[in-house]
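Every value quoted in this text rests on a predicted model; they were computed, and no experiment measured them.
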Amino acid sequence: MDPNWQQFLEKSANELLVWVGFGTITGLTAKAIMPGRDPGGAVATLLTGVTGTIIGCGSLSFFYPESRVTPVSLSGFACATGGAFLLLLFYRILGGSLFKGMGGQDVILHLSKARRGQKTIIRDVA
């Protein structure tokens, strides 16, 4: 096997593992900051963290092009957590927990399933 190819594979595997670990930590931090329950398990948390990292660090690079932030750093962690938090916030808004009510007033609806039955209970909190 070519030594350059082997070095490329080792570096790629290392980068992949760093992003998986960093994405998991970022996703867990964002879920801890966001109040309430969020659906999804380990894979959803990982994808939230990695996508939040791309959103947060990409937004910082877009609005401040002179600043260079690496994702795996303290400032990158703050940007990544902010991006994952925004992703969870948009998921909640678009997922149906916040609706615009009739007559221009905001109505917050909570959808919950009964524990033993399959009925969906809708109640108005506002």
Side-chain angles (χ1 to χ4, degrees):
M1 182 182 253
D2 186 23
N4 290 334
W5 183 250
Q6 184 178 4
Q7 185 179 12
F8 172 75
L9 286 177
E10 288 176 2
K11 185 176 179 182
S12 298
N14 185 30
E15 289 289 323
L16 177 72
L17 291 174
V18 165
W19 274 89
V20 166
F22 186 74
T24 303
I25 291 170
T26 304
L28 286 172
T29 305
K31 281 189 173 186
I33 294 171
M34 175 70 83
R37 295 187 61 201
D38 288 311
V43 175
T45 302
L46 168 70
L47 292 177
T48 301
V50 171
T51 308
T53 302
I54 294 169
I55 290 171
C57 294
S59 298
L60 185 71
S61 297
F62 180 75
F63 290 113
Y64 299 104
E66 66 276 355
S67 68
R68 173 91 170 114
V69 62
T70 58
V72 184
S73 65
L74 189 59
S75 60
F77 180 72
C79 291
T81 304
F85 182 81
L86 284 175
L87 188 66
L88 286 173
L89 180 68
F90 286 140
Y91 175 77
R92 288 232 179 131
I93 290 172
L94 296 175
S97 63
L98 181 67
F99 293 100
K100 194 74 169 172
M102 296 295 226
Q105 64 184 13
D106 288 335
V107 177
I108 299 174
L109 298 175
H110 287 280
L111 300 174
S112 62
K113 288 193 174 187
R115 294 230 184 243
R116 296 178 191 234
Q118 293 298 324
K119 292 190 263 181
T120 301
I121 302 166
I122 299 176
R123 59 185 169 95
D124 186 9
V125 178

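Both I93 and F85 belong to a common hydrophobic cluster when Ile, Leu, Val, Met, Phe, Trp and Tyr are linked at side-chain heavy-atom distances under 4.5 angstrom. Residues V72 and W19 are members of separate hydrophobic clusters, defined by side-chain heavy-atom contacts under 4.5 angstrom among Ile, Leu, Val, Met, Phe, Trp and Tyr.
Every residue two or more places apart in sequence or in another chain that forms a side chain to side chain contact (heavy atoms under 4.5 Å, CB included) with N4 is listed here: D2, Q7. Qualifying side chain to side chain contact (heavy atoms under 4.5 Å, CB included) partners for L60, counting only residues two or more places apart in sequence or in other chains: Y64, S67, V69, C79. With sequence neighbours left out, the ring pair (Phe, Tyr, Trp, His ring centres under 6.0 Å) criterion links F90 to no other residue. Legend: residues meeting side chain to side chain contact (heavy atoms under 4.5 Å, CB included) with I54, ordered by chain and number and at least two apart, are V50. Partners of T51 according to the side chain to side chain donor-acceptor pair (under 3.5 Å) rule, which considers only residues two or more places apart in sequence or in another chain, do not exist here.
Distance check: M34 CE to L86 CG gives 8.5 Å after rounding to the nearest 0.5 Å. In this structure, the separation between CG on L89 and CG on L94 is 9.0 Å, given to the nearest 0.5 Å.
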Distance-only criterion, 3.5 Å: show the donor-acceptor pairs between side-chain atoms of residues 20-29 and protein atoms not counting sequence neighbours.
from: T24; atom 1: OG1; to: V20; atom 2: O; distance (Å): 2.8
from: T26; atom 1: OG1; to: F22; atom 2: O; distance (Å): 2.8
from: T29; atom 1: OG1; to: I25; atom 2: O; distance (Å): 2.8

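Under a 4.5 Å side-chain heavy-atom criterion applied to ILVMFWY residues, the cluster that includes I55 comprises L87 as well.
L74 CG: 12 or fewer foreign heavy atoms inside a 6.0 Å radius.
Side-chain contact of T48 with K31: a donor-acceptor pair under 3.5 Å is absent, judged by distance alone.
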